[in-house]
Structures are given as structure tokens and as C-alpha cells.
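We name chains A, B, ... by the order of the sequence lines, and we start the count at 1 in each one.
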Amino acid sequence: MAIRTRFAPSPTGYLHIGGVRTALFNWLLVQRHGGQFILRIDDTDVERNKAEALQPILDGFRWLGINWDEGPEIGGSFGPYFQSQRSELYKNAVEKLIETGHAYPDYMTKEELDAERKAADDAKKAYVHRGPHRETPAAECVKLIAEKPTTIRFKVPTGRDAIVEDLVCGHCKQKTDLIGDPVIMRATGSPLYNFATVVDDIAMEITHVVRAREHLTNTYSQVLFWEALGAPLPKFAHLPVVNEPAPKPGAKYPPGVKPPNKNKKLSKRDMAKFVTPEVRLQLNAIGWTDEQIAARDDLNPATVAFYRELGYLPDGLVNYLCRLGWSFDDKTEFMTMAEMKANFTLDRVNDSPASFDPEKLYWLAGEHMKTLSMEDRIAGSVPFLVKAKLIAEPLDATTKERLTRIIGAMGDRLKLFSDILIYAGPFLKAEPEYDPQAIENVLQKPGTADLLKEISAALATCEPFDAATTEQALHDYAADKGIKAGSLNQPLRIAVTGVSKGPGVFETLSIFGKPEVLRRIDLALAMIGE
RNA sequence: GGCCCUGUCGUCUAGCGGUUAGGACACGGCCCUUUCAAGGCCGCGACACGGGUUCGAUUCCCGUCAGGGUCACCA
């Protein structure tokens with residue numbers, strides 16, 4: 001059976017982690033069973049520049065590899081895919097409901113409604129609105145509205161249950177006597193979201209409505225719309241919400257910033273709290289100034305753009321999101337895109353909320369990096385190096401060769417593309433930048449200077465200057481002196497690179513080449529006053 | 001407040017009447033390497049609580065508690 005699912009983002013300017021997880025489940029379901037995944041833009045109520053606010057969302061999906069079969073920029077035979085262009089459909093649906101006695105005009109003012117609501121509140125009773133024209137015959141309603149347009153309400157049938165058979169939540173029901181007659185169209189003729197969604201889902205022949213849990217309650221009135229419109233119900237799956245991360249033990253938050261709460265939904269609002277000092281540092285390290293961070297409201301860990309900026313692999317993010325609230329079995333964590341597509345099923349969606357864990361995402365991103373070819377690693381790393389002005393595009397053959405060797409030497413240290421800056425920086429800067437801590441802890445220790453002089457002499461004779469040869473030379477030297485070979489590594493590394501961590505030291509030496517290594521050892525000696 | 005949903009290590013999860021309650025992230029230790037990663041081994045650590053049903057409950061039922069969602073002319 002070909003299935004049709006949809007995701008209906010509103011153009012907010014960024015792709016939210018929780019939203020993309022919902023979209024992913026929709027998409028995965030289609031990949032698994034075959035069918036179409038539709039992007040429908042919910043732009044009925046937004047004043048901002050829509051095209052501009054939509055682009056980042058489309059870019060985000062493309063980056064993640066989540067393609068849509070119908071929607072913006074590609075069209076499809078069920079269009080238009082912007083709700084703002086579908087007003088006729090909503091109007092027709094409302095007319096049909098009025099004519100068939102399923103909807104009626106309601107002239108009550110906001111003040112009257114508020115008063116009713118308050119009275120119910122005061123009496124500690126549930127407020128269930130029923131308009132005065134509820135029982136007015138359909139023909140008369142039509143006349144009334146033609147003469148004096150107003151708000152249209154749906155006539156909720158009384159004395160029964162609204163039933164939602166949910167693929168995740170199971171058999172859910174609600175007494176219709178507890179559902180107030182909802183407004184489906186404003187006096188202005190614009191439809192309400194809850195209703196427009198149903199009209200669109202029917203028109204677009206959506207077979208599976210997969211969305212966040214907060215819509216479950218809306219669904220009770222929606223199934224009544226479906227029924228009144230005479231359309232067959234789709235299957236429903238209401239996903240558990242994604243919550244904020246649990247606060248890290250010992251993490252500090254700036255004054256006035258609330259720590260994350262694992263019981264709270266990861267919300268679009270209030271994202272500033274996720275820009276912790278650590279996060280800010282991460283962004284600073286890849287070249288974002290505090291002003292730029294403040295100016296871009298999408299640059300925080302609740303958005304997809306954040307992870308893209310930091311050089312996370314999209315497959316890693318997808319893998320993480322896929323496993324958030326869903327499991328394949330009792331042990332699988334790492335999955336390729338192909339494995340996810342082949343194995344995703346709704347029946348293994350968990351039904352309790354899941355909190356977002358950036359640490360696990362980071363780990364998974366690293367696992368995916370391990371599978372990448374050298375070419376892909378280079379391609380992903382270059383933009384970060386260019387932005388940091390460590391290399392210039394286009395890459396010449398020498399730089400590319402050098403980069404290949406550096407990335408090769410880095411091995412699994414590269415988890416995110418931005419990690420390239422930490423490790424490749426010391427290789428690509430013309431002069432070493434000596435880390436004060438390293439100088440103090442290692443270079444300035446008594447005897448180090450003499451040691452470096454002798455190491456330098458030993459290295460000078462190495463030919464060829466490759467890792468095996470230099471290692472052997474230093475090994476021999478250490479044996480000669482009766483010291484442990486390993487004790488030479490850190491002084492040498494720091495003298496040459498300026499920093500105390502990095503790839504294997506002999507690998508490092510060979511990348512620099514003999515003359516540069518000897519020059520840098522002299523530099524270090526001069527610096528510590530020898 | 002009414003209605004609905006949810007409750008397994010700090011986190012993500014497996015479990016679907018009988019398990020020493022399994023795996024993963026994180027954390028701690030050891031090994032490897034005198035760097036940092038990666039890898040290997042070990043450890044810490046959970047069935048919210050109280051009643052039932054049952055020979056036996058993490059699992060089924062009912063309460064309690066806790067959290068969440070929703071009750072809009074927002075999406």
C-alpha cells in the first residue's frame with residue numbers, strides 16, 4: 001500500500017529539532033513502505049517575509065537528506081502547497097458543512113464568550129460552548145450567513161464518543177459532550193488551523209497523520225470534521241514530545257538563565273537558555289562573535305542550523321533523532337540512512353516523552369564520521385579552514401596533499417568537521433603558538449633544553465624523514481642514554497607544534513618535514529632562553 | 001479545575017507473567033599510548049509508591065503521587 005504523509009511547518013526562519021524529528025518519522029515511514037512525503041506550508045497567519053523565512057527550513061531538510069515528494073519548489077498534483085493559497089478549498093468545505101447542518105453561524109461577541117467561560121470557571125465546571133444557532137435549520141443558517149457574515153462553528157454531535165485509534169497511543173476516546181463547538185472559520189473568511197489541516201489532509205489524500213503528541217486532544221474534534229465531510233479517516237500516530245536535556249551535574253548557568261528541565265518540552269520559545277558558556281565557546285572557536293550569535297536567533301542547540309554550523313554529519317543527526325523515541329531492538333544505536341529507511345516502523349515508537357541528549361548526539365556524529373572517506377572528510381573540513389583563514393580556495397595540490405596527511409594522522413579525533421580547527425591549526429599556521437601551560441609544565445622543566453638539543457641532532461641525521469625512521473632514531477637515542485623512549489615525546493611535540501595534544505608525534509614530524517622540525521626546535525630553545 | 005496521556009539506571013532504551021532486569025551515551029577505574037582521541041576490560045547505576053489478581057509480578061487491574069498535554073476567532 002502506498003502511503004502519503006505530510007509535515008506542515010510554518011515559516012519561522014529555522015528548523016527546530018523537535019519539528020524535524022516529527023518530519024523525520026513521517027519521511028522514514030514513507031521510505032519504509034513506499035509512497036509520498038509531502039511538505040505543506042502553514043503560512044496562514046504569519047506577517048514576516050515568507051519566502052525568506054521558508055528558505056532555511058527547506059535548506060535544513062535538504063542538508064539532512066530528507067527529500068519531499070510534493071511541496072515547495074517542486075510542486076505536485078495536489079497543490080498548491082501553501083495554505084495561504086488554498087482559501088477556496090476551506091470556504092467550500094465550510095459551505096458544505098453549513099448546508100448539511102454540521103455548522104452554524106455564531107454572533108456571540110468575545111465579551112459574551114468570556115463571560116460564559118468565566119461563569120463556568122467559577123462554577124468549577126468544564127466550559128463547553130454551544131452557540132444559539134446550533135439548532136437553527138441548515139437552510140436558514142445559509143440565509144443568515146449570506147445576509148450577515150460571521151464566525152462559523154462546527155456542530156459537535158452530542159451524546160457519544162469521539163474515537164481516535166492511534167498507532168502509538170492506542171485506543172483513545174473522548175466524550176463529545178465535553179468538546180465545545182469549535183470555530184472553524186473567522187468572520188474574515190480565514191479558516192482555523194485545526195480545520196484547515198483536516199481539509200488539506202483530505203484533499204491531499206493523506207493516509208497517515210504522524211505528528212506530535214500535543215495534537216492528540218485536537219484530534220478528537222478533527223475526527224468529527226472528517227466524519228462530517230464524509231471522508232475516510234487516515235491512520236493516526238501521535239509521537240511523544242521531545243523534552244529539554246537533563247541538566248549536566250555541575251554545569252553552571254549564567255545568572256537569570258534557568259537550567260534545562262528534562263520534563264519540559266524542547267520549545268521554540270526561550271531558546272536562549274541553551275546558549276550556555278560552553279556552547280558559546282564552541283561557536284566562538286569556529287569564528288562566530290558574540291554579537292553574531294546574539295543576532296542570529298537560530299544559532300543554538302535547539303535548531304538544526306546549529307549542528308550544521310558546527311560540522312555535525314547530517315546522518316549522525318538523523319540517526320540520533322531517529323533513535324529518540326524509537327528503537328530498532330535491544331542494542332542497535334548506529335544506523336546508516338539505508339538501515340533506518342529499511343527498518344523504521346511505527347509500532348516501535350515509544351509512548352513516553354524523551355529528552356534530548358546532546359552528548360549522545362555528539363558521540364553518534366563521531367561514529368558516522370568514522371565511516372567517511374578521506375575525500376569526504378577533506379570536503380567537509382575545507383570550509384572551516386577557509387573561514388578560519390588557514391587555507392585559501394581553490395586548494396593547490398601541495399595543500400591538498402598536506403591536508404590529506406593531516407586528516408589521516410588525525411584518525412578518529414575528527415568527530416565534527418569543526419574539530420579540524422583544533423588539530424590542523426598547529427600544522428597550518430606559519431609559526432607555532434606556544435601554549436603557556438605546556439611551556440611551564442614541560443619545556444621549562446630542568447634538562448629539557450639539553451634533551452631537545454640532542455634530539456634535534458639525532459633527528460638531523462634521519463633519512464628519509466618518515467615516522468618509522470625518526471621513531472627508530474629516538475628509540476636508539478633513548479636506549480643509549482638509558483631513558484624511556486616515551487619520555488621524549490611530549491617535549492618534542494610541544495617544541496614543534498606548541499601544543500600538548502595531537503596526532504602521534506612521529507607522524508606529526510613527518511608532516512612538518514626535517515627543516516621545519518629543526519627550525520621549530522631551535523625556536524623553542526630560543527624561547528626558553530637557550 | 002475538567003478531560004486525556006505518560007512513569008525501567010543521570011539520559012536514550014530492551015523487556016510484552018518466571019531474566020543474576022540486557023544494551024548504549026555520560027561518569028569512574030584499569031590496559032594500550034608517557035599527548036589527545038580511538039580501542040579493550042571492569043565498575044557505578046533503574047523497574048515512582050501502595051494495594052490487589054496470580055504459585056509467581058517490572059510486565060495485568062485499581063488507587064496514590066509525580067510529570068506532561070489540552071481545554072482559543074494560536075499554529
Touch class at under 4.0 angstrom, heavy-atom based, for A:Ser487 against every strand present: base
Could you encode protein contacts along nucleotides 37-48 of chain B as a string, one character per nucleotide from 5' to 3', using B for base contact, S for sugar-phosphate-only contact and - for no contact, with a heavy-atom cut-off of under 4.0 Å? SSS---------
State which residues pass side chain to side chain donor-acceptor pair (under 3.5 Å) with A:Ser487; sequence neighbours excluded, sorted by chain then number. none
Just to be sure I understand the rule, does A:Glu359 reach a base, reach only the sugar-phosphate, or reach nothing, if contact means heavy atoms closer than 4.0 Å? sugar-phosphate
Under 6.0 Å from the six-membered ring centre of A:Phe82 and within 45° of its axis: does the NZ or CZ of A:Arg86 meet both? no
Look through every strand shown and name the nucleotide pairing with B:rU54 as Watson-Crick or G-U wobble, where both distances are under 3.5 Å. none
When you check every protein heavy atom under 4.0 Å of nucleotides 64-73 of chain B, what one-letter string (B, S, -) results, 5' to 3'? ---SSBS-SB
Round to the nearest Å and state the distance from A:Asp347 atom CG to B:rC16 atom P. 14 Å
So, is A:Arg348 near the phosphate of B:rG15, with a side-chain N or O under 4.0 Å from OP1 or OP2? yes
Under 3.5 Å for both donor-acceptor distances, Watson-Crick or wobble: does B:rC71 have a partner, and if so which one? B:rG1
Select base, sugar-phosphate, or nothing to describe what A:Lys331 touches, counting heavy atoms under 4.0 Å on all strands. sugar-phosphate
Separation of B:rC16 P from A:Asp329 CG (nearest whole Å): 13 Å
